[in-house]
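If you read the sequence from its start, that first residue is 1, and numbering goes on from there.
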Amino acid sequence: MPLVAIIGRPNVGKSTLFNRLIGERRAIVGDEPGITRDRIYGEANWRAQRFALVDTGGIVPDDEAVIPANILKQASFAIDDAQALIWVVDARKGITPLDEELARLLRSTGKRVLTAANKADATHWESDAGEFHRFGFAEVFPISAEHGNGIGEMLDALVGDGSWQLATEETGKDAGEPQAGMPALRLAIVGRPNVGKSSLLNRLLGEERAIVSPVAGTTRDSVDTLLKTSEQTFRLIDTAGIRRKGKTLAMAEKLSVVMARKSLQRADVAIVLLDAAQGIAALDAAIAGYAVEAGCSIILAINKWDTLEDKKTGTAAAFEREMREHMKFLSWASVVTISALSGQRVQKLLPLAMKANEARNVRVPTSRLNEFFEREIRQRSGITAAKTYKGSRLHVQYITQIGVRPPAFVIFTAGGKAGLHFSFLRHLENRLREEFGFFATPIRIIERHKSKARK
C-alpha cells in the first residue's frame with residue numbers, strides 16, 4: 001500500500017492524529033513530549049482508498065542525546081519509505097525555530113508535504129494557521145486531531161491526487177500484507193525492561209526497526225512489523241518492558257505496560273525474554289503468567305547468553321532447571337539460549353514459533369479423543385478425580401474439545417461434589433500433551449458438573 005508518514009516536532013499531536021486516522025488507540029497519547037519513539041504502523045481507508053500510515057517520534061534535529069538522536073534516525077527511515085508526508089504543527093503556538101529547521105529538512109526530501117496545523121479548535125486559531133504557508137508548502141489544513149475538525153478536507157486532498165500512490169500492478173498485492181490463505185503469525189516479544197527485546201526485533205528483521213539504548217524503558221508503544229519468510233509471514237510485536245506496579249510512576253510508563261499486556265491478547269505466540277546475566281526474577285514469572293492468561297503459546301528465550309563467563313557443558317541445563325523451578329506452571333514451555341546482539345541461536349526462534357502455532361491450532365478428532373478417554377480415564381486405576389463427598393464419588397463421564405488457539409477441553413462430571421482434584425487435572429493435561437503433541441501451548445480444561453435434580 002502507499003505509505004504516508006506523520007512527521008513533526010515533539011508534542012504537536014502526531015499520535016492523536018495517527019490514532020484518529022486508523023480508528024483505534026494504537027499509539028500512546030499524553031501531555032509529556034517525546035512519548036512516541038519508535039515507528040508505529042497502521043492502516044487507514046478514505047473514500048475506498050487504503051493506505052498505510054506510520055507515526056514517528058518528535059524530531060529534534062542535531063540533538064546528540066541518545067534517544068532524541070535515535071528518534072531522528074527512525075523518523076528518517078519513515079520519510080525515506082513514504083510517498084507523502086503529513087507535517088503536524090501547533091496552530092496555537094505558531095511557528096517555532098524548530099519548525100523552521102524541520103521545514104528545511106522536509107523541503108530537501110522533494111516529497112509531497114501536507115501541513116496539518118493541529119489544535120485549531122477555535123476560529124481565530126484556524127485563521128492563524130495560514131502563517132504556515134510561508135514555508136512554501138501549498139497544502140495547509142487547520143485541523144483538530146482530538147475533535148476531528150478539518151480531517152476530512154485534508155484526506156480528500158491526500159487521496160484526490162493519485163500521483164503519490166505506489167504502483168502495485170507488478171505484484172497484484174498490497175505491499176506489506178500477508179499472502180492470501182497464509183495468515184500472519186502474531187509473535188509478541190515481552191519481558192522486563194532492558195532485557196534486549198528491541199535488539200531481538202532488529203536481529204530478526206535484519207535492520208534497525210526499533211530504538212535500542214542502555215536506558216531502561218526506551219520502548220513505550222507496542223511496535224508491529226511484518227516479516228515474510230519462504231514458509232510463513234510473521235507479525236512481530238515489540239512491547240514495552242513490563243515493570244512492577246510500584247515502579248511505574250510516569251503516566252506514559254503506566255500506559256506502556258497496559259499496551260504491552262493488551263498486545264499479548266492479540267498474539268499467538270509470546271517470546272518471553274529473560275536476562276542470563278541478571279538471572280531469574282519474580283517479575284519474569286509474572287510476565288510469563290500474563291502471557292499464559294492471554295492464551296499465548298510460550299517460548300522462553302534466555303538472552304545475553306554470550307555474556308556469561310566460565311560456561312561449562314551443564315551450565316545451560318542448570319540454568320533451565322532453576323528457571324523451571326521459578327516457573328513451575330510453564331513446564332511445557334520451550335526453552336532456548338540466545339544472544340540478540342551476536343545472533344547466537346536466534347535463528348531457532350521462528351521455527352519454534354511456527355511449531356507452537358501449529359500445535360495451538362490442533363483439533364483432535366472425536367474418535368481419537370474417545371479412545372484416549374477410555375484408556376486414560378475409564379480403565380486407568382490409581383488416579384482419583386476427586387475426594388468422595390457424603391458417600392458419593394465424582395464420576396468423569398466424557399471429554400470433548402470445544403476450541404483451539406489455545407486448545408480447550410470440557411470434562412463432564414456427575415455425582416459427588418463438583419471440583420476435580422488438581423493432581424487429576426495435571427495428569428490429564430500431561431497425557432493430552434504426550435498423546436496429541438501440544439507443543440509449547442497452554443491447554444484449557446473446564447469442568448461442567450451435572451448435579452442431581454431436586455425432587
Side-chain angles (χ1 to χ4, degrees), residues 1-22 27 36 39-44 46-47 49-63 68 71-120 125-145 148-167 175:
M1 287 181 290
L3 178 64
V4 179
I6 300 176
I7 308 296
R9 60 181 175 81
N11 213 28
V12 292
K14 297 181 299 298
S15 294
T16 303
L17 177 60
F18 175 81
N19 288 343
R20 177 165 290 278
L21 293 180
I22 68 171
T36 301
R39 286 172 283 160
I40 306 170
Y41 287 81
E43 182 183 316
W46 185 255
R47 299 197 182 281
Q49 293 198 43
R50 294 167 61 213
F51 55 93
L53 275 173
V54 55
D55 183 24
T56 62
I59 300 176
V60 182
D62 303 323
D63 195 315
I71 289 174
L72 173 59
K73 190 175 183 180
Q74 291 291 319
S76 298
F77 289 148
I79 292 171
D80 290 343
D81 293 340
Q83 283 70 57
L85 309 174
I86 296 178
W87 177 31
V88 183
V89 293
D90 191 328
R92 297 183 185 179
K93 291 189 176 180
I95 295 173
T96 68
L98 187 50
D99 289 324
E100 294 178 346
E101 287 188 61
L102 287 177
R104 285 194 293 270
L105 173 66
L106 296 178
R107 275 195 298 270
S108 68
T109 66
K111 299 193 175 184
R112 183 185 178 196
V113 177
L114 290 81
T115 305
N118 191 29
K119 306 182 184 179
W125 282 321
E126 288 185 19
S127 59
D128 291 343
E131 67 175 320
F132 291 97
H133 280 286
R134 62 177 276 192
F135 291 119
F137 301 119
E139 300 173 290
V140 178
F141 303 91
I143 68 165
S144 170
N149 302 340
I151 302 290
E153 291 82 352
M154 183 182 69
L155 292 178
D156 283 341
L158 176 67
V159 303
D161 180 3
S163 61
W164 63 284
Q165 298 194 35
L166 269 178

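- Remark: Asp90 engages Lys119 in a side chain to side chain donor-acceptor pair (under 3.5 Å) (not counting sequence neighbours).
- Nearest heavy atom pair, residue Ala5 against residue Ala78, reads CB-O, 4.1 Å.
- Residues passing the side chain to side chain contact (heavy atoms under 4.5 Å, CB included) test with Arg107, sequence neighbours excluded: Ala103, Arg104, Phe135, Phe137.
- The shortest non-hydrogen separation linking Thr109 to Leu106 is OG1-O, 2.6 Å.
- In this structure, Ala116 and Met154 approach most closely via the heavy-atom pair CB-SD, 3.8 Å.
- Listed by chain and number, the residues in a salt bridge (Lys or Arg N to Asp or Glu O under 4.0 Å) with Glu153 amount to none (sequence neighbours excluded).
- Take Ala117 and apply the side chain to side chain contact (heavy atoms under 4.5 Å, CB included) test, not counting sequence neighbours, and it matches Val89, Ala91, Ala129, Phe132.
- Separating the CG atom in Leu85 from the CD1 atom in Ile6 is a distance of 10.5 Å, to the nearest 0.5 Å.
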Show, in sequence, the C-alpha distance, side-chain angles and deciding distance for Ile151 and Leu17, and conclude whether the side chain to side chain contact (heavy atoms under 4.5 Å, CB included) test is met.
CA-CA 9 Å; Ile151 302 290; Leu17 177 60; 3.5 Å; yes
Going through the distances and angles, do Trp87 and Leu102 end up as a side chain to side chain contact (heavy atoms under 4.5 Å, CB included)?
CA-CA 9 Å; Trp87 177 31; Leu102 287 177; 4.1 Å; yes
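- Residues Pro10 and Leu98 are in side-chain contact: their nearest non-hydrogen atoms beyond the backbone lie under 4.5 Å apart.
- Across all their heavy atoms, Ala157 and Phe141 have their closest contact at CB-CZ, 3.4 Å.
- Judged purely by atom type and a 3.5 angstrom limit, Gln49 uses its side chain to pair as donor or acceptor with the backbone of Val159.
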Apply side chain to side chain contact (heavy atoms under 4.5 Å, CB included) to Leu155 and Phe51, showing your working.
CA-CA 11 Å; Leu155 292 178; Phe51 55 93; 4.1 Å; yes
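- A donor-acceptor pair under 3.5 Å is formed between the side chain of Asn118 and the backbone N or O of Val12.
- The side chain to side chain donor-acceptor pair (under 3.5 Å) test applied to Thr96 returns Arg9, Asp99, not counting sequence neighbours.
- With sequence neighbours excluded, no residue forms a side chain to side chain donor-acceptor pair (under 3.5 Å) with Thr115.
- Shown here for Leu158 and Arg112, the closest heavy-atom pair between the two residues is O-NH1, 3.1 Å.
- Panel note: side chain Lys111, backbone Ile79; a donor-acceptor pair is recorded below 3.5 Å.
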